[in-house]
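Before any comments, here is the structure.
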Amino acid sequence: MILYLPLTLLLAVIVALPLFFDWEKALLFLLTPEAGISDPVFGHDIGFYLFSLSFFRLIYGEVMVALVVVLLGLGLFHWLEYRAMPRARGRLRRCARSVESTQIARDRLL
């Protein structure tokens with residue numbers, strides 16, 4: 001449990017640093033002026049492409065990085081738990097089998 005706090009802080013720093021360095025995009029997004037010219041294809045104001053779209057791309061990239069980091073971390077934790085699970089002659093011990101069968105039954109019911 002004590003391992004989760006440093007990993008959470010590391011993920012927060014990984015996500016927050018690019019946003020910290022691109023604060024101008026966030027400010028332009030929040031204070032977007034109307035250009036008065038609309039795009040003929042999508043109907044958005046040109047200010048959307050100048051100010052908002054770059055911010056949305058930045059947020060999208062950050063969400064994807066966070067997703068990859070979380071999935072890799074979960075895969076690592078799952079692998080470590082699997083390796084640490086006690087085994088008797090190549091099979092799971094009775095207590096581990098009962099926990100596993102309970103989890104499978106719970107997943108099927110939900």
Side-chain angles (χ1 to χ4, degrees):
M1 195 65 150
I2 205 158
L3 181 66
Y4 294 126
L5 180 63
L7 291 176
T8 304
L9 292 175
L10 179 68
L11 179 63
V13 168
I14 288 172
V15 170
L17 272 180
L19 294 174
F20 174 74
F21 291 123
D22 288 331
W23 63 269
E24 296 95 357
K25 290 181 184 178
L27 191 60
L28 287 172
F29 170 73
L30 292 173
L31 304 172
T32 302
E34 293 289 327
I37 303 170
S38 64
D39 176 30
V41 177
F42 297 112
H44 293 293
D45 188 63
I46 297 297
F48 171 78
Y49 298 106
L50 294 175
F51 306 114
S52 299
L53 188 61
S54 62
F55 180 72
F56 289 141
R57 286 184 178 171
L58 177 69
I59 294 297
Y60 177 76
E62 290 303 309
V63 168
M64 289 297 117
V65 167
L67 179 69
V68 167
V69 169
V70 166
L71 286 178
L72 289 175
L74 285 175
L76 176 69
F77 281 135
H78 179 71
W79 180 74
L80 288 174
E81 281 188 16
Y82 177 76
R83 299 258 314 162
M85 197 175 284
R87 296 181 183 277
R89 296 189 195 134
R91 296 185 61 214
L92 293 175
R93 292 189 181 162
R94 186 168 38 133
C95 62
R97 279 197 312 260
S98 66
V99 169
E100 187 177 10
S101 63
T102 305
Q103 290 173 347
I104 291 171
R106 183 196 64 208
D107 292 342
R108 287 185 182 170
L109 288 175
L110 296 178

For A35, does its backbone N or O pair with a side-chain atom of D45 as donor and acceptor, under 3.5 Å?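 Yes, D45 side chain to A35 backbone: donor-acceptor pair under 3.5 Å.
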Establish whether [X] and [Y] are linked, either directly or via other cluster members, by ILVMFWY side-chain heavy-atom contacts under 4.5 Å.
{"X": "V63", "Y": "Y60", "answer": "yes"}
{"X": "L17", "Y": "V69", "answer": "no"}
{"X": "L58", "Y": "M64", "answer": "yes"}
{"X": "L50", "Y": "I37", "answer": "yes"}
{"X": "L76", "Y": "V68", "answer": "no"}

After noting the C-alpha distance and the side-chain angles of L28 and F55, does the key distance pass the side chain to side chain contact (heavy atoms under 4.5 Å, CB included) rule? CA-CA 8 Å; L28 287 172; F55 180 72; over 6 Å; no
Non-hydrogen atoms of F20 and W23 that approach each other most closely: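 Between these two residues, the closest heavy atoms are O-CD1, 3.4 Å.
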For the pair L53 and R57, evaluate side chain to side chain contact (heavy atoms under 4.5 Å, CB included) and give the outcome as yes or no after the intermediate values. CA-CA 6 Å; L53 188 61; R57 286 184 178 171; 4.0 Å; yes
How far does [atom1] of [X] sit from [atom2] of [Y], to the nearest 0.5 angstrom?
{"X": "I46", "Y": "F51", "atom1": "CD1", "atom2": "CZ", "value": "11.0 Å"}
{"X": "D22", "Y": "E62", "atom1": "CG", "atom2": "CD", "value": "8.5 Å"}
{"X": "F29", "Y": "S54", "atom1": "CZ", "atom2": "OG", "value": "10.0 Å"}

Classify the ring geometry of F48 against F56: parallel below 30°, tilted from 30° to 60°, perpendicular beyond 60°.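 Rings of F48 and F56: tilted, as their planes differ by 30° to 60°.
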